[in-house]
Amino acid sequence: MDKIIDILKNDKVCISCELFPPKQGTELQNSLEIVNKIAKVKPSYMSVTYGAGGSTVGYSAALAKEVQDNGIPALAHLTCIQASEEKISNVLGQLSDNGIKNILALRGDIPAGMEDADMGSFKHASDLMRYIKFKGDFCVGGAAYPEGHPESGSLVKDIENTKYKVDAGVDFLVTQMFFDNTILYNYMFRLLSAGINVPVVPGIMPVTNAKQIIRICQLSGTKLPPQFRAMVEKFADKPAALQQAGIAYATGQIIDLISNGFSHVHIYTMNRPEIIGGIMENLSEIVKD
Ligand code: FAD
């Protein structure tokens with residue numbers, strides 16, 4: 001199965017998407033069916049998130065395997081917060097046994113009230129990246145924050161900290177969602193000025209739920225531009241209309257990104273095959289071979 005860095009080296013337009021596993025103890029079958037449905041629209045790869053503190057580890061690995069069994073390269077997320085080196089080593093072994101070659105290495109969010117001493121064996125995502133590279137022939141991605149990570153303190157510091165990921169051998173970066181493309185273009189300028197030139201995959205979130213998007217943006221510090229806020233407010237109580245508008249807005253962002261030289265875009269699908277399906281339909285001529 002392909003390494004994602006090889007897909008990203010290609011100039012062909014490539015649309016990937018994200019899935020999240022069900023909570024531990026609930027049924028996996030529904031998620032496997034979602035994978036099968038999304039696979040039909042042929043994303044270039046699918047990423048599978050990792051529950052906070054490793055709470056979904058078994059399911060994440062099983063879903064990543066299902067993605068690859070559908071002929072689509074999988075990108076398995078892996079967080080290190082509160083994890084021992086032994087635990088990470090075991091998960092890497094499990095992923096490797098499932099034929100997974102691509103890992104998005106993350107720290108994870110710090111649970112409220114957690115002491116420094118409880119961080120685990122790896123303090124930063126860059127420490128985890130270095131370890132994964134040491135452990136095997138994995139292609140490793142990392143997270144990037146066009147509006148700055150909430151803990152980084154400043155945009156300058158954020159770029160300095162992103163550089164640690166590059167120094168640790170990260171192959172590519174995937175961004176946090178953003179709703180105004182100029183934020184990404186300014187960010188690219190700051191990355192390139194700092195000598196960071198690994199591929200950057202913009203992350204796009206098609207809005208489908210007004211309350212959910214406002215809560216996510218408050219947590220991540222993502223700004224809502226006026227035209228986006230107006231759309232969310234206008235259709236807040238009409239879910240089908242908001243979904244249609246959200247797919248159209250995301251499609252507009254993607255076309256603007258492609259027009260300005262980005263060939264690869266990652267879609268936060270929130271496990272909804274109809275969302276990525278709608279976007280792929282809108283882009284049918286653009287993604288053609
Ligand atoms: P880090 O790179 O460790 O950064 C964390 C903070 O520390 C930042 O403020 C950074 O600027 C700072 N920092 C980094 N290195 C240093 C250093 N050497 N010295 C000082 N400060 C430093 N979370 C999940 O739980 N599961 C997922 O599957 C998941 N997937 C995600 C996918 C994407 C594309 C993105 C953007 C985020 C995802 N997250 C996920 C959320 C992520 O775990 C959080 O944003 C987390 O708070 C930071 O993770 P990181 O990997 O960027 O950490």
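Atoms within a ligand are numbered from 1 in the order they appear, just like the ligands themselves. Position 1 is the first residue of the sequence; numbering continues from there.
- Checked options Thr175, Ile279, Ile254; the residue passing with Val265 is Ile254 (criterion: side-chain contact (heavy atoms from CB on, under 4.5 Å)).
- Atom 53 (O) of ligand 1 has as its closest protein heavy atom Arg107 CB, 3.2 Å.
- With a 4.0 Å heavy-atom cut-off, ligand 1 is reached by no atom of Lys157.
- For atom 3 (O) of ligand 1, the nearest non-hydrogen atom of the protein is Ala125 N, 2.9 Å.
- Every atom of ligand 1 is numbered from 1 in the order shown, and the set under 4.0 Å from a heavy atom of Leu104 is 32 (C).
- Val201 and Phe179 fall within the same hydrophobic cluster, defined by Ile, Leu, Val, Met, Phe, Trp and Tyr side-chain heavy atoms under 4.5 Å apart, directly or through other members.
- Nearest protein heavy-atom contact of atom 50 (P) of ligand 1 is Tyr145 OH, 3.6 Å.
- Among protein heavy atoms, atom 34 (C) of ligand 1 sits closest to Tyr268 OH, 3.3 Å.
- From the protein, the heavy atom lying nearest to atom 29 (C) of ligand 1 is Leu106 CD1, 3.5 Å.
- Ranking the protein heavy atoms by distance from atom 17 (C) of ligand 1 puts His124 NE2, 3.4 Å first.
- A distance of 6.0 Å or more separates the ring centres of Phe122 and His124.
- Only the side chain of Thr79 comes within 4.0 Å of ligand 1, counting heavy atoms alone; its backbone N, CA, C and O stay farther away.
- Heavy-atom proximity to atom 11 (O) of ligand 1, evaluated over Thr175, Ile159, Asn161, is greatest for Asn161.
- The distance between the ring centers of Phe172 and His264 does not fall below 6.0 angstrom.
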